[in-house]
Structures are given as structure tokens and as C-alpha cells.
Amino acid sequence: MCGIVGYVGPRPALPILVEGLRRLEYRGYDSSGVALVNGERTVAITKSAGRINVLEQLLDYEHATATCGIGHTRWATHGAPTDINAHPHTDQTGRIAVIHNGIIENYRALKTYLAQQGVEFQSQTDTEVLAQLIGLRYHGNLERAVREALLEVDGTYGLAVVCSEEPGVLVAARKGSPLIIGVGKNENILASDAAAIIAHTTQVVYLADGEIARITADGFKTTTMDAAPVTKELEEIEWTLDQIELGGHDHFMSKEIFEQPAALEMCMRGRIDPHTGSVHLGGLTDCARELTRAKRIILTGCGTAWHAALVGEYLFEELARIPTETEYASEFRYRNPIIEDGTVVIAISQSGETADTYAALCEAQDRGALALGVVNSVGSTIARQTDAGVYLHVGPEIGVASTKAFSGQVTVLAMMAAFLGRRKHLSQPGASQFLEALSVIPRQVEQCLATADQCRAVAERYHERLNWLYLGRGFNYPVALEGALKLKEISYIHAEGLPAAEMKHGPIALIEEGMPVVCIATNCAQYDKIISNIEEVRSRGGHVIAIATEGNRGIHEVAEQVIHVPDTLDPLQPLLTVVPLQLIAYHAAVLRGCNVDKPRNLAKSVTVE
Ligand code: M6R
């Protein structure tokens with residue numbers, strides 16, 4: 001979604017802003033722009049609809065000597081993605097420029113008020129309303145003007161503001177939309193995402209909700225909305241630059257699929273001991289007793305994270321014997337959820353910034369639940385809001401299609417289930433067997449990745465078919481959902497995931513000659529039932545692509561194509577069966593000429609409800 005970058009220091013700001021915007025591209029956007037404070041009476045704005053390449057053609061690097069500026073990638077909410085609606089927006093004097101992530105909910109009322117004051121608007125955006133309001137409140141002190149304006153605003157914002165009369169000053173404010181200050185030597189970089197900072201510094205400060213920062217080349221000062229000073233701790237970003245670069249791959253999605261063995265190693269490092277059957281999750285130490293007393297667990301998240309939650313539901317019930325439910329985060333907060341004593345809510349999110357998941361988490365906390373997080377992005381909004389939690393540690397995920405984060409989420413949930421299981425009913429040998437199987441998963445994922453050519457062959461044969469089905473049972477039912485989501489989000493093919501046995505209750509009517517039906521048919525208690533489901537598909541002309549365990553009885557007789565994955569315990573199969581589905585989706589999207597890492601209409605982190 002929208003991205004913010006700001007720079008103040010000794011260097012020309014423009015190249016730094018544009019490079020930062022490029023690093024934020026993965027979040028999804030439809031227009032971009034920059035504002036430079038160059039000692040003129042007004043700030044210099046350049047902005048345009050479309051990709052950053054379009055913006056770059058309008059920029060005059062040679063004459064852009066300003067050392068302070070802001071840049072933005074916009075994902076349209078209020079007003080179409082046009083040049084005029086792109087950020088930055090200015091007040092009507094042109095002195096003040098604003099970039100903004102989030103939504104100003106009372107912008108209509110503010111717009112009416114500003115119009116009565118004689119303000120004429122250029123765009124349809126809520127952000128321009130904010131810029132005009134700050135302009136109206138400006139009497140020589142930008143920080144004060146921003147504070148006064150924000151006191152009149154309802155909604156969410158991460159914003160950066162510059163003013164031609166205060167060159168060398170950036171003012172930033174946060175409520176519900178992340179902002180990070182990268183602290184360099186005689187320079188500071190503001191961004192909504194660490195990806196725009198790490199080329200310059202790994203020392204950062206995370207702004208909290210309700211905080212305003214005045215940033216100059218020499219330092220920064222943070223205050224609350226009431227102007228009370230806030231002392232911030234410097235923190236270190238763990239990411240490295242090569243983690244957010246392609247490293248020889250054509251796409252981040254492919255890089256991240258192939259990173260999974262290493263990512264899962266990192267995720268488990270120092271956390272499991274198969275010999276003793278024990279799990280060490282530092283983030284849960286302080287709440288371990290409360291967690292052990294949990295009577296009910298609710299897992300919540302969106303999209304891929306919700307699919308991981310579904311696997312988690314099976315894992316918690318199987319290993320810890322605690323009743324567990326999975327809820328869409330977007331539904332949870334609006335349906336008056338019952339939170340009794342002993343309810344633990346676990347919010348799952350790669351980005352840690354998903355608005356629906358954050359809202360569900362806050363709702364759970366308001367109702368008295370112990371709220372835990374399973375998050376990848378260290379220091380993110382959700383990670384900060386939770387009472388405790390476990391980080392994925394799979395490294396940054398840039399591709400919009402979530403891949404290694406899914407594997408990391410399932411791995412963390414498996415470790416949490418074993419952690420709780422040992423405190424409940426799971427025997428030490430039982431835990432040892434489970435953790436032994438978990439510890440070899442990275443190597444087995446490598447074997448799954450070796451099926452890449454077969455997966456490409458499947459994509460070559462079927463990428464022009466516009467309807468696919470994915471079937472799975474038990475632990476593999478969520479994987480069927482995930483496989484279908486991967487295909488549709490990046491290749492724009494319609495795909496549906498189903499519990500295999502549900503097919504005959506309606507969707508079977510869709511099956512026609514040659515329709516690709518991906519069936520997960522690994523060794524498990526219901527294997528024979530899955531074969532029956534496959535027969536039902538075949539007898540109606542469907543083409544079965546089976547994801548099977550080596551040596552599975554009779555699979556070659558019923559399937560058009562068979563892709564083998566190694567054998568593991570049933571609860572861990574999703575970590576293996578998902579890999580060929582990721583690869584099939586990836587190759588289908590490439591063959592269809594789609595923009596794999598930046599699919600249409602989608603954003604990496606969805607920060608609006
Ligand atoms: O950052 P989050 O894990 O909270 O994101 C949740 C979903 O928006 C995300 O998983 C989305 O479904 C992905 N595009 C799926 O590949």
C-alpha cells in the first residue's frame with residue numbers, strides 16, 4: 001500500500017527519495033511523487049500516475065540540489081489514481097507539502113469547513129484536506145501547525161510534512177500507520193518501511209501511535225500530541241540489503257520460494273530440541289503459565305495468514321488438545337466475539353501492519369484475552385501491540401504473494417503447539433518424534449523444490465485454462481486454499497480450494513473435460529478416501545494433478561500428472577505440499593505474462609480495513 005520516505009541531511013535528497021520509493025514499490029502503488037525544499041518560496045513538487053519510471057522521466061536530477069524532501073507511493077483510496085491525486089499535496093500557498101498513508105475519516109466535514117475559509121481544492125483526496133488544514137494553522141511553526149491540525153482529524157495516518165519556510169525540517173506523525181526514523185551520521189531518513197532505510201543505516205527509532213517527530217539533519221525530537229517530550233530507544237534492524245534484492249532471481253516470489261529451506265532453519269534455530277522433546281520460545285516465557293491454563297485458542301489473520309491459522313487449528317487441537325478456532329480477522333471484530341476467561345487470541349501476520357488483523361487484536365485485548373502475535377516484521381504495529389509473541393525470523397518478504405511467510409507461520413504454530421502440548425498431554429517421546437520430524441523439514445523442502453521443472457510442466461500445460469480446483473483433506477485442506485489463492489492472486493486464473501469431500505456437494509458441477517484439479521493425496525489416514533474423490537473428478541473429465549508421497553498406491557493410475565513430496569508426519573505435511581503449489585502458481589503467472597511480484601489491484605500489506 002502507500003509508502004513514505006523522507007530525507008534530511010547533507011546529500012542531495014532526490015536520488016535518496018527515488019531509491020527509497022523503488023524499495024517500497026513491492027508494497028503496491030498506482031502513482032508516486034516527491035517534494036523538495038530548495039529555498040524557494042514554495043516547495044517543488046513532481047508527481048505522476050503510474051510507475052516510478054514515469055515519475056523519473058519528469059525529474060531534473062541535475063538541478064535538484066535540495067537536501068531535504070519527501071517522497072510517496074500512493075495506493076488510491078479517495079479519488080482515482082491520477083497525476084492530481086498523487087501525493088505530495090500542498091496547501092494553497094504552496095509552502096507546505098504533505099504525504100500521507102491512512103485515511104482521514106472526517107475529511108468531508110473538514111473540507112466543508114476549509115471551503116468556508118476560502119480554500120480551493122485541486123484534488124479529490126483526503127490528504128489534500130489535511131495539507132490545507134495544516135496550511136491554515138501555520139503561523140511560522142510547522143510542528144505546531146501539524147499538531148493543531150491533527151487534533152481536528154479523525155482517522156489514521158502516517159504522515160510527513162515539509163515547509164518552504166523551514167528548510168531542513170521534516171515533521172512526521174503517526175496514528176495507525178507505521179513510521180520509522182533511520183538515524184544516520186548527520187542525516188536522518190524517515191520511512192514507512194525499513195526497506196527504504198537499510199541501504200543507509202540500520203539504527204532506527206519506531207514512532208508509536210500518537211507521536212509527532214521533528215526531524216533535522218542533526219537529530220530528532222519526539223513528542224506526544226500534547227507536546228510532552230518522549231524519549232525513544234535506538235533499535236537495530238536485523239535485515240540486510242541482500243535480503244531485499246533479487247540476488248539473481250527474476251522475481252522476489254521465486255527467490256522467496258527457494259529461500260524456504262534456509263528461512264525455516266532460521267525460524268527454528270535454537271528453538272527446538274528433538275532429544276529432550278522441548279521447545280524454547282523466548283517470546284512466550286513471561287506468559288507461559290497463563291498460556292498453559294488456556295481453555296480456548298482463537299487464531300486470527302487474513303489471506304495466507306488465515307490459511308496458516310487453519311493449519312494451526314489442527315496443530316493445537318492435535319498436540320495440545322486445546323479447543324481452537326480460526327477466525328478471519330476482518331470478521332472477528334465486528335461479530336461481538338465471546339471472549340471468556342482463559343481465551344487466548346493469536347494474531348498471525350507477515351507484515352505486522354494488516355489493519356484488519358490489528359483491529360481484531362485490539363478487540364481481543366479490550367475483551368480481556370491474552371493476545372499473542374505470530375509476526376515476521378520485527379517492531380511492526382501488531383508485534384508492538386501484542387502481550388507476547390513469537391517472531392518468524394524468515395527474513396523480509398517482498399513478493400506480494402506470501403510464500404516463505406506461510407511456511408514460517410506454520411512452523412511457528414507447530415513449535416507453539418508442541419510447546420503447549422508438552423505442558424498438557426504430549427509425552428516426551430511424542431514431542432521428540434514430532435520435533436525430529438520438524439527439524440528435517442528444511443531438507444525435505446529442498447527435495448520439494450527439486451520438482452520445479454515438473455511444476456513448470458504443469459503450468460505450461462494448463463496455464464490457459466481459466467478455472468482450476470484444489471482439493472485437500474485434513475491438514476492439507478488449508479493447503480488447497482493456499483494453492484488456489486496463490487494461483488488467482490498472481491495469474492488471475494479463477495481457482496477454488498475445497499476440502500476434497502465437499503466437492504460432491506456442489507462444486508463437482510464445475511468439472512468439465514480437461515479442467516485442472518490439483519489434489520493433495522499424500523500418505524495419511526484418509527488416503528483411500530482421497531483416491532475416491534480423485535476418481536469422481538476423473539470420471540467427469542477433470543485432469544488430476546496429484547501432489548503425492550513417493551510410493552503412494554495407485555496414484556499414477558488415476559492422475560494425469562504426479563508430483564512427489566517426501567513423507568513426514570501428517571501435521572507437518574502442509575510445509576511440504578505447499579511448495580509445488582507455490583511453484584505451479586509462479587510458473588503459471590510467468591507464462592501468462594503477469595507481473596508476479598506486483599499483481600494488479602493488490603498491495604503487500606493491506607493497511608486499510
Ligand atoms: O501481512 P499479513 O500476513 O497480515 O497479510 C495478510 C494478507 O494480506 C496476505 O497474506 C495476502 O493474502 C497475500 N497476498 C497472500 O499471498
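Every number for a ligand or one of its atoms is a count from 1 in the order of the listing.
- The ligand atoms of ligand 1 that sit less than 4.0 angstrom from a heavy atom of G303 are 12 (O).
- The aromatic rings of F475 and Y314 sit tilted relative to each other, their planes meeting at an angle between 30° and 60°.
- Tested against D209 for a salt bridge (Lys or Arg N to Asp or Glu O under 4.0 Å), the candidates R384, R174, K175 yield a single pass: R174.
- You'll find the side chain of L449 reaches within 4.5 Å of the side chain of V579, heavy atoms only.
- For the pair H100/D126, a side-chain contact is recorded, criterion being any heavy-atom separation below 4.5 Å from C-beta on.
- From the protein, the heavy atom lying nearest to atom 3 (O) of ligand 1 is Q350 N, 2.7 Å.
- Ring planes of Y470 and W468: parallel class, angle under 30° (limits at 30 and 60°).
- Nearest approach of E397 to N376, heavy atoms of both residues: N-ND2, 4.3 Å.
- Of all atoms in ligand 1, listed by their number and element, those nearer than 4.0 Å to a heavy atom of A401 are 16 (O).
- The aromatic rings of H249 and F258 lie tilted to each other, with the angle between the two planes from 30° to 60°.
- For atom 7 (C) of ligand 1, the closest non-hydrogen atom on the protein side is C302 O, 3.5 Å.
- In this comparison of V400, T403, L392, L485, the heavy atom closest to atom 13 (C) of ligand 1 sits on V400.
- Residue T357 places no N or O, backbone or side chain, under 3.5 Å from any N or O of ligand 1.
- For the pair T577 and T522, the minimum side-chain heavy-atom distance is below 4.5 Å.
- Annotation for ligand 1: atoms under 4.0 Å from non-hydrogen atoms of S351 are 1 (O), 2 (P), 4 (O).
- Ligand 1 is never approached by E353 to a heavy-atom distance shorter than 4.0 Å.
- When the options I348, T304, V375 are ranked by their closest heavy atom to atom 10 (O) of ligand 1, first place goes to T304.
- Every atom of ligand 1 with a heavy atom of K486 under 4.0 Å away is listed here by number and element: 15 (C), 16 (O).
- Side-chain contact annotation: Q561 with Q454, donor-acceptor N/O pair under 3.5 Å absent.
- In terms of protein heavy atoms, atom 14 (N) of ligand 1 is closest to E489 OE1, 2.8 Å.
- Counting only heavy atoms of the protein, atom 2 (P) of ligand 1 lies nearest to T354 OG1, 3.2 Å.
- When hydrogens are left out, the protein atom nearest atom 8 (O) of ligand 1 is V606 CG2, 4.1 Å; that is the closest non-hydrogen contact.
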